[in-house]
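Here's the structure, in C-alpha cells; my notes come after.
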There are 2 protein chains.
Amino acid sequence: MKKGKETTIYDIARQLNISASTVSRALQDHPGVNKKTKKMIDDFVAQTSFRTNPFASNLRNKQTKTIGVLVHELNSNFITSVLAGIEKVTASEGFDIIIAHSSESGTREAANVKNLFNKRVDGLIASLSFDTSNLEHFQPFFDRGVPVLFFDRVEQDGHKTVVVIDNAKCGYIATQHLIEQGCKRIVHVTSSLNRNVYSQRYKGYRDALFDNGLAFEEDLLIVGDLTRKAGAEAALKILNMSPMPDGAFITNDFMAAVCMRALREKGVAIPNDIAIVGFNNDAIGELIEPALTTINYPGEDMGEIAARNLINHIKGIGNLEQTNTIIVRSGLVVRGSSVRTTPQTPD
Amino acid sequence: MKKGKETTIYDIARQLNISASTVSRALQDHPGVNKKTKKMIDDFVAQTSFRTNPFASNLRNKQTKTIGVLVHELNSNFITSVLAGIEKVTASEGFDIIIAHSSESGTREAANVKNLFNKRVDGLIASLSFDTSNLEHFQPFFDRGVPVLFFDRVEQDGHKTVVVIDNAKCGYIATQHLIEQGCKRIVHVTSSLNRNVYSQRYKGYRDALFDNGLAFEEDLLIVGDLTRKAGAEAALKILNMSPMPDGAFITNDFMAAVCMRALREKGVAIPNDIAIVGFNNDAIGELIEPALTTINYPGEDMGEIAARNLINHIKGIGNLEQTNTIIVRSGLVVRGSSVRTTPQTPD
DNA sequence: TGCATTCTTTCAATCGATTTCAATAAAAAT
DNA sequence: ATTTTTATTGAAATCGATTGAAAGAATGCA
C-alpha cells in the first residue's frame with residue numbers, strides 16, 4: 001500500500017477507453033459531456049483512490065484557491081475569533097488559508113508578506129504589526145493587482161479597503177460611561193499611538209473629556225506595549241499619581257485585568273476608588289472580580305466580513321476598490337468594574 | 001502595472017541568451033553551474049520581479065512543502081501556543097501550514113482530514129476532536145505513507161506516533177498536592193473519559209486517592225464538556241454536595257476559573273473552604289483571585305517538538321515509525337487557590 | 001599536436017489537468 | 001436522401017520548473 005503511484009486522469013482514461021479530456025470535463029461537471037459517460041467516470045472514480053492534483057490544475061488556471069492571513073499575534077482571543085470567522089467563510093468557498101504572524105515585528109511582517117506573495121495567494125487579509133510604519137512591503141501585491149484587505153490594525157491613509165470598528169466612537173462611549181459614573185480624573189492606558197486603533201480610541205477619549213468640560217492632562221495618558229509587564233507598570237503609575245485617578249479606560253481587557261489585580265493588591269477598591277473600562281470583551285472579563293466593563297469587539301464578524309468581501313472580489317462579484325471602509329458594529333458591555341456601588345462624594 | 005504576465009525562467013533564459021535549464025539550476029544553487037553564469041543570472045533576477053512558480057515545481061517534485069495542522073478548536077490559549085510552536089519550526093524550514101479545526105465534531109474532523117489529504121500536505125499534525133472514536137478517516141494518509149503525528153488528544157492504541165504530556169502523572173501530582181494541603185474529599189471536574197487526556201488525569205487522581213488511603217466516590221466525579229455552562233453546572237453540583245468537598249481538581253483552567261467565580265459568589269472561601277487546582281497554566285490563572293494553582297502544560301514546546309519530528313521524518317532524517325511516544329515535561333505551579341492560609345480543623 | 005578528462009550547457013521529456021480546435025457521430029431539417 | 005445542426009469526444013498544445021542524457025567547450029597530459 002505504501003507510496004504507490006497516484007492515480008491520474010490518464011489512468012482513468014486508459015482504463016475506461018476514453019480520452020483524458022473527457023475525464024477532465026466530466027470531473028468538472030462540464031455540460032458537454034454525455035450523461036452516461038459522466039456516470040461511468042464518476043462511478044469509476046468513486047472506486048479508485050483518485051484525487052485531483054491541484055498543482056497541475058493551478059499551473060494551468062493560475063489560481064491557487066488560497067488566501068493569506070497575516071496577523072500581528074496569534075495569542076489573543078480577538079485574533080483567534082477573527083481567524084475562526086475567516087475560516088468559516090473560506091472553508092465554505094473551498095479556499096485554503098495560510099496563516100502567518102509577525103509577532104509585532106515589522107521586519108517579520110515584511111518577510112511574511114513576501115513569502116505569501118511568492119506562494120501566490122489569491123488574496124490577502126492583514127492586520128498590521130506594532131511597528132509597521134508604511135505599506136511598502138505590500139507593493140508587489142498592489143502592483144500585481146492581488147487584492148489585499150486590512151482589518152483592525154490598518155493604515156489610515158484612506159486608499160485601502162479596510163474592515164474596522166469605529167474606534168473613536170468606542171473610545172468616546174467608554175469615557176462617557178466613566179464620566180456618567182461620576183469620574184472626574186480618568187486615565188487612559190493604551191499602546192503606540194501610531195496605530196490607528198489606539199490613536200482613534202485616544203481621540204474618542206479626548207473628545208469625551210472635552211465635551212464634558214473635563215480638562216485633559218498629559219499625565220493621564222499612559223502608553224506602553226500590551227504585555228503583562230506594561231500592565232503592571234501602568235498600575236504602578238496610577239498608584240503614584242496624586243490625586244489618584246477615579247477612572248481608567250484601558251485599551252485591552254488583558255491589560256485591564258493585570259492592572260486591576262495589581263491595584264487591588266494595593267488595597268484600591270474597584271469600582272469605588274477607581275472605575276475601570278477595558279476593550280475587547282475577552283472571556284477573561286467575566287471571570288475576574290469585579291467583572292470587567294468593556295467594549296464588545298466582534299472578532300468573528302470582522303473575520304467573516306473580511307473574508308466574504310475578499311472572496312467576492314476574487315470571484316468577480318463586487319469590487320473591493322469601490323468599497324473603502326467597512327465598519328463593524330460594536331458597543332459597550334457594562335459590568336461591575338465601572339458601576340459605582342456607593343454614592344460619590346462631591347469634590 | 002496591473003496583472004501583467006508573470007516572469008518565468010524562460011523569459012530570463014531568453015533575455016540572457018542561455019537555456020532555461022541553466023537558469024533553473026542556477027536558482028537552485030546546483031553545483032554544476034559556472035560561477036560567472038550564476039552571478040549573471042542572480043543579478044538579473046534581482047532586478048526583475050521574478051518569483052518561482054511553486055505549482056510547476058510541486059508538480060515535478062511531488063512535494064508540497066506544506067503540512068496540515070488539525071486541531072479541535074482555535075479558541076484556546078493552549079492551542080494557539082501549540083500553533084505558535086509549530087509555526088516557529090515550519091517557518092524556519094520553509095514549510096507552510098494549513099490550519100483546520102473541527103470544532104470538536106468528529107464529522108468535521110473527517111471532512112478536514114479528507115480535504116488536507118486532497119491538498120496533498122506532506123505531513124499532518126493532529127489533535128483529535130471530542131467525539132472522534134476511531135482513526136478510520138486517517139486511513140488514506142496511512143495507506144499512502146504520509147506521516148501523521150498526533151499531539152495532546154490522541155488515540156491510546158499505541159501504534160501511532162504521539163506527542164503528549166504524562167497526564168496520569170500530572171493528575172496524580174495535582175491530587176497529591178491537594179491531599180498534602182489537608183483535603184479529604186476531592187472532586188474531579190473533567191470531560192469525556194473517552195479522550196486519553198481526561199481518562200489519564202482521572203487515573204492519576206484515582207491512584208493518588210488510593211495511595212493516600214482516601215476512598216473514591218462516584219459522586220466526586222463530575223463530567224461535562226468544557227464550556228462555561230458546564231463550569232457553572234459543576235459549581236452548582238459542588239455546592240449541593242454534603243458534606244461539601246474540600247478540594248477540587250479541575251481539568252482545565254478556564255473551567256476552574258468559572259467554577260471558582262461561581263463558588264465565591266455563593267460565599268465559599270477559596271482555598272480555605274475548598275482548595276482548587278486547574279490544568280493548563282493559561283494566562284487567566286494569574287489574573288483571577290485567588291491566583292490559580294495549575295499544571296503547566298507547555299503548548300509551544302509540544303508544537304515545536306511535533307513539527308520538528310514530522311519535518312525530520314519528511315526530510316528523511318530520523319524516522320517517526322521508530323519513535324512511538326514523545327513525552328513533554330510538565331509540572332505543578334502552586335499559587336493561592338490551593339494553599340491553605342488557616343490551619344484545617346481535624347475531622 | 002592528439003586524445004582523454006572535466007566543466008558547462010543544452011535538449012527534450014516529464015509532472016497532471018485544462019482547453020481550443022477539429023473531428024466524428026447522431027439528430028434534425030429540408 | 002441530402003444537408004445542416006447539434007451533441008460528444010479526442011488530439012495536441014499549454015501552464016513553468018526540473019532533470020537525465022547528450023553535446024560542446026575547456027583543460028590536462030603524454
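What you see is a predicted model, and the numbers here were worked out from it, not measured in a lab. Values below: every heavy atom of this structure, side chains too, minus hydrogens, waters and symmetry copies.
Between A:Asn61 atom CG and C:dT20 atom P the separation is 11 Å, expressed in whole Å. Note: NZ (B:Lys35) to P (C:dT9) measures 12 Å, nearest angstrom. Atom CG of A:Leu16 is separated from atom P of D:dT9 by 12 Å (rounded to the nearest Å). If you take OH of B:Tyr10 and C1' of C:dA13, they are 11 Å apart, rounded to a whole angstrom. As a whole-Å value, the separation of B:Ile9 CD1 from C:dT9 C1' is 14 Å. When rounded to the nearest whole Å, the span between NE2 of A:His30 and P of C:dC21 equals 14 Å. One can place CD1 of A:Ile18 at 20 Å from P of D:dA7, the figure rounded to the nearest angstrom. For A:Lys119 and D:dA17, the NZ to C1' distance is 15 Å, given to the nearest whole Å.
A heavy atom lying under 4.0 Å from DNA chain C marks the following residues of residues 43-60 of chain B, by number: B:Leu59, B:Arg60.
The shortest distance between the side-chain N/O atoms of B:Ser24 and the OP1/OP2 oxygens of D:dT18 is below 4.0 Å. Phosphate contact (OP1/OP2 of C:dT10, side-chain N/O of B:Ser21, threshold under 4.0 Å): absent. For the pair A:Gln28 and C:dA17, the criterion of a side-chain N or O lying under 4.0 Å from OP1 or OP2 is not met. For the pair B:Ser19 and C:dT10, the criterion of a side-chain N or O lying under 4.0 Å from OP1 or OP2 is met. Remark: A:Lys62 is not in phosphate contact with D:dT14, judged by side-chain N or O atoms under 4.0 Å from OP1 or OP2.
Between B:Ile9 and B:Ser24, the shortest heavy-atom contact is CD1-CB, 4.1 Å.
The side chain of B:Arg25 lies closest to C:dT10, out of C:dT8, D:dT18, C:dT10.
In this pair, B:Phe138 and B:Phe150 present their aromatic rings perpendicular. The plane angle is above 60°, beyond the 30 to 60° band. Using the six-membered ring where Trp is involved, A:Phe117 and A:Phe141 have ring planes that are perpendicular, over 60° apart on the 30 and 60° scheme.
Remark: A:Lys39 is not positioned above the aromatic ring of A:Phe44, lacking an NZ or CZ atom under 6.0 angstrom from the ring centre and at most 45 degrees off the axis.
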Task: Candidate pair B:Glu6 and A:Lys62, rule salt bridge (charged side-chain N to carboxylate O under 4.0 Å, His left out), full reasoning - done: CA-CA 10 Å; B:Glu6 292 275 351; A:Lys62 291 155 186 278; over 6 Å; no
